[in-house]
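Input: a single structure, listed below in structure tokens.
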2 protein chains.
Amino acid sequence: MGEERRPTLEMVARRAGVGRGTVSRVINGSSRVSPDTREAVRTAIAELGYVPNRAARALVTRRTDTVALVVSEPEERLFDQPFFAGIVRGVSAVLNDRGLQLLLATARTDADHGRLGDYLSGGHVDGVLLVSLHTDDPLPDRLAGAGVPVVLGGRPLYPPRHPVHYVDIDNVGGAASATRRLVGAGRRRIATVAGPADMAAGQDRLRGHREALAEAGLPDPPELTVHGDFSHEGGARAMRELLDAAPDLDAVFAASDDMALGVLRTLREAGRRVPEDVALVGYDDTAAAAHTDPPLTTVRQPTERMGGEMARLLADTAIAEGPDAKPQAVVLDTRLVVRESG
Amino acid sequence: MGEERRPTLEMVARRAGVGRGTVSRVINGSSRVSPDTREAVRTAIAELGYVPNRAARALVTRRTDTVALVVSEPEERLFDQPFFAGIVRGVSAVLNDRGLQLLLATARTDADHGRLGDYLSGGHVDGVLLVSLHTDDPLPDRLAGAGVPVVLGGRPLYPPRHPVHYVDIDNVGGAASATRRLVGAGRRRIATVAGPADMAAGQDRLRGHREALAEAGLPDPPELTVHGDFSHEGGARAMRELLDAAPDLDAVFAASDDMALGVLRTLREAGRRVPEDVALVGYDDTAAAAHTDPPLTTVRQPTERMGGEMARLLADTAIAEGPDAKPQAVVLDTRLVVRESG
DNA sequence: CCCCGGTGTGGGAGCGCTCCCATACAGGGG
DNA sequence: CCCCTGTATGGGAGCGCTCCCACACCGGGG
């Protein structure tokens with residue numbers, strides 16, 4: 001069939017009556033080319049519909065103008081969260097106007113995971129954005145070790161061997177604002193359904209909760225803290241434990257909206273009214289939060305900004321300044337969205 | 001610093017004591033290499049930690065092993081829907097085991113849009129998956145015209161100039177199942193808050209609704225159909241119109257859950273009980289649907305399968321067989337999720 | 001004993017670009 | 001009038017791979 005080859009830089013050069021070098025110079029802006037020549041080249045490009053071949057360029061420049069967004073959560077529930085949606089939005093926006101492409105990489109199986117590591121450290125992308133909720137992920141260190149620019153979404157749980165740039169959301173502050181709200185409403189027996197202890201978000205939200213309690217001079221007895229797994233079901237189960245251990249509680253801070261949904265269900269089943277008997281505040285501001293009965297007071301995270309900051313940090317610092325750049329941490333504030341549950 | 005170059009195929013060849021061609025043959029499987037040689041090459045590759053340079057390969061093969069997922073919805077609200085999340089999941093899974101990479105392309109501004117068109121038709125990806133909810137999107141035709149393999153998510157609204165592969169969800173059938181449910185519950189004045197008339201999903205869901213009505217021998221007077229824009233607010237507004245024009249309605253089929261949420265709000269404000277006075281069925285099964293008051297009966301779409309089928313169709317047909325392949329259409333069934341609203 | 005086909009294998013050519021050195025030319029000062 | 005500096009331009013080399021042609025080698029049939 002047609003099979004006609006796409007125009008090359010060489011063809012543009014011939015058509016414009018100049019050398020390849022000149023065309024290249026025009027395309028890549030920067031250096032000096034006389035206005036007339038520049039114009040001639042531009043015309044030839046337009047006439048031919050020339051589009052530079054990225055592979056050829058990448059081969060010589062060793063840059064691909066592509067960055068990967070790696071979602072390293074095995075259960076890809078992550079995609080469902082507005083959390084992830086916001087990040088993608090923020091990342092794309094910034095990348096778009098830096099002229100970078102976004103490669104979305106996921107790894108479901110362990111084999112996928114290994115291949116992904118090879119791929120990413122193989123120089124196929126200029127940098128990597130890593131949103132990893134898990135603690136035992138070896139990817140960051142591996143990439144950093146291979147000299148691949150990396151920016152993490154969420155703080156590293158342990159101090160990494162290679163210090164790394166990251167953008168985090170102020171989980172401590174967010175949780176504190178949630179609990180403070182409960183305190184301000186006059187609650188005194190405030191329980192929490194905390195997140196998993198092996199996730200940074202879980203740890204930090206619990207810490208924020210405790211700080212707010214301490215600040216108000218409220219006690220923090222062990223029976224008022226139960227850990228969940230951030231899921232609906234986990235929240236329901238945790239609430240049942242809480243009700244057994246401390247039937248007189250008058251408020252709950254759930255470290256995720258999903259868990260808050262479960263809490264709500266258990267509370268209803270137990271005949272407790274929300275917020276009259278038990279006030280409830282969640283975390284995340286998921287799509288469901290506005291539509292529960294009663295609508296959920298919760299903590300909204302600036303996910304889109306997070307994505308944007310990650311991309312910016314990667315492009316402008318991690319990639320631009322190379323491995324010797326001083327690792328930066330950006331921490332973003334949350335906002336309490338007050339509805340009716342607490 | 002280090003700046004050491006990554007190992008090349010040439011280095012592997014030297015180390016294994018063979019020629020470049022042989023190494024290439026081993027890497028790309030296919031043709032015959034003696035077991036001993038193959039083993040020696042494998043060893044050298046492992047020792048060196050060699051990873052093939054994609055740019056170099058792409059330069060000669062003219063294939064990039066990358067496909068783009070284009071989200072052409074200007075308001076990127078799309079990302080928030082489980083709809084999109086499912087698609088991404090399905091797409092990644094299939095792409096992963098085809099050894100293909102996923103490029104996520106978004107275009108917010110018109111300038112973005114133009115650039116995206118250049119980019120995609122410029123041979124930088126092997127194929128394009130296009131999820132476009134809008135009718136006036138010139139991209140499919142442009143890409144097909146440029147000989148780029150394309151698979152659409154959702155049927156084309158108008159017969160395209162270049163026939164194209166697509167995967168659709170049976171909106172007609174899904175909507176019919178929703179309305180049938182209402183009919184089966186004994187409702188007789190069944191209204192619909194339809195989607196925009198310029199979207200395929202909007203048209204088809206309205207058609208399904210009407211078919212179910214006809215099938216039951218129920219009238220379909222104009223005052224029982226109002227168009228919304230798929231949004232919460234639009235649904236609330238549409239419901240107000242409906243209540244004015246046909247106060248005696250006893251059921252509503254909303255063509256999206258977001259609109260159903262608005263419908264629910266308006267109904268509550270008007271003092272109508274759901275489902276006692278007015279039964280309600282939505283469409284999409286969004287995250288919020290399970291948690292409204294009452295929980296929403298709605299139509300769930302097989303989004304993950306849709307993504308998977310799109311990727312499969314692209315890789316196995318559109319790319320593999322080239323532009324002469326007979327355009328295929330895959331249509332997937334929906335499932336009615338019965339909760340309490342209708 | 002020669003020829004022939006089938007296997008394995010080496011390595012030149014070339015994909016389309018950027019980099020950089022060489023060259024050409026224009027002026028200004030000695 | 002020559003030299004020197006600076007600016008604009010051409011084009012060779014080479015990035016790391018795949019493709020493909022040429023070649024070596026091995027037996028078996030004539």
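All chains are named by letter (A, B, ...) in the order of the sequence lines, taking the proteins before the strands, and each is independently numbered beginning at 1. Being a predicted model, the structure only gives us computed values, none of them experimental.
- Take the nearest nucleotide of DNA chain C for Leu59(A) and for Val18(B): the residue whose nucleotide is more 5' is Val18(B).
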Original post:
Checking side chain to side chain contact (heavy atoms under 4.5 Å, CB included) for the pair Arg312(A)/Arg98(A): CA distance, chi angles, key distance, verdict?
Top reply: CA-CA 9 Å; Arg312(A) 220 184 311 277; Arg98(A) 297 281 192 291; 3.3 Å; yes
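- dA8(D) atom C1' lies 12 Å from atom CG of Asp36(A), rounded to whole Å.
- Nucleic acid contact for Arg62(B): sugar-phosphate only, since backbone atoms but no base atoms lie under 4.0 Å from a heavy atom of the residue.
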Name the pairs: protein N/O against N/O of nucleotides 19-22 of chain D, kept only if under 3.5 Å.
none

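- Rounded to whole Å, the distance from CZ on Arg54(A) to P on dC15(D) is 23 Å.
- Side-chain proximity of Ser34(B) to the nucleotides dA8(D), dG16(C), dT9(C) is greatest for dT9(C).
- Across all strands, Gly17(B) comes closer than 4.0 Å only to sugar-phosphate atoms, never to a base (heavy-atom distances).
- In the set dC15(D), dC17(C), dC17(D), dC17(C) carries the atom at the smallest distance from any side-chain atom of Leu9(A).
- To the nearest angstrom, C1' of dC15(C) lies 16 Å from CZ of Arg63(B).
- When each of dA8(D), dT9(C), dC17(C) is scored by its nearest atom to the side-chain atoms of Thr8(A), the top-ranked nucleotide is dC17(C).
- Considering every non-hydrogen atom in both Leu48(A) and Pro7(A), the closest pair reads O-CG, 3.5 Å.
- Once rounded to the nearest 0.5 Å, the distance linking OG1 of Thr303(A) with CD1 of Ile169(A) reads 6.5 Å.
- Of the candidates dT18(C), dT9(C), dT18(D), the closest approach to any side-chain atom of Arg57(B) belongs to dT18(D).
- Within the 4.5 Å cutoff, no side-chain heavy atoms of Met11(B) are placed close to those of Arg15(B).
- Atoms CE (Met11(B)) and C1' (dC15(D)) sit 14 Å apart, rounded to a whole Å.
- One interatomic measurement links the two molecules: CD1 of Ile45(A) to C1' of dC17(C), which rounds to 13 Å at whole-angstrom precision.
- Between the OH atom of Tyr50(A) and the C1' atom of dG16(C) there is a distance of 7 Å, given to the nearest Å.
- Under 4.0 Å is where a charged nitrogen must lie from a carboxylate oxygen, and between Arg62(A) and Asp126(A) no such pair does.
- For the pair Glu39(B) CD and dG8(C) P, the computed distance is 16 Å after rounding to whole Å.
- In this entry the distance linking CZ of Arg6(A) with P of dC15(C) reads 14 Å, nearest Å.
- Here the shortest heavy-atom pairing between Ala105(B) and Leu116(B) reads CB-CD1, 3.6 Å.
- Taken to the nearest 0.5 Å, the OG1 atom of Thr64(B) stands 8.5 Å off from the CG atom of Leu103(B).
- Minimum atom distance to the side chain of Asn53(B) is reached by dC17(D), of the listed dC17(D), dC17(C), dT9(C).
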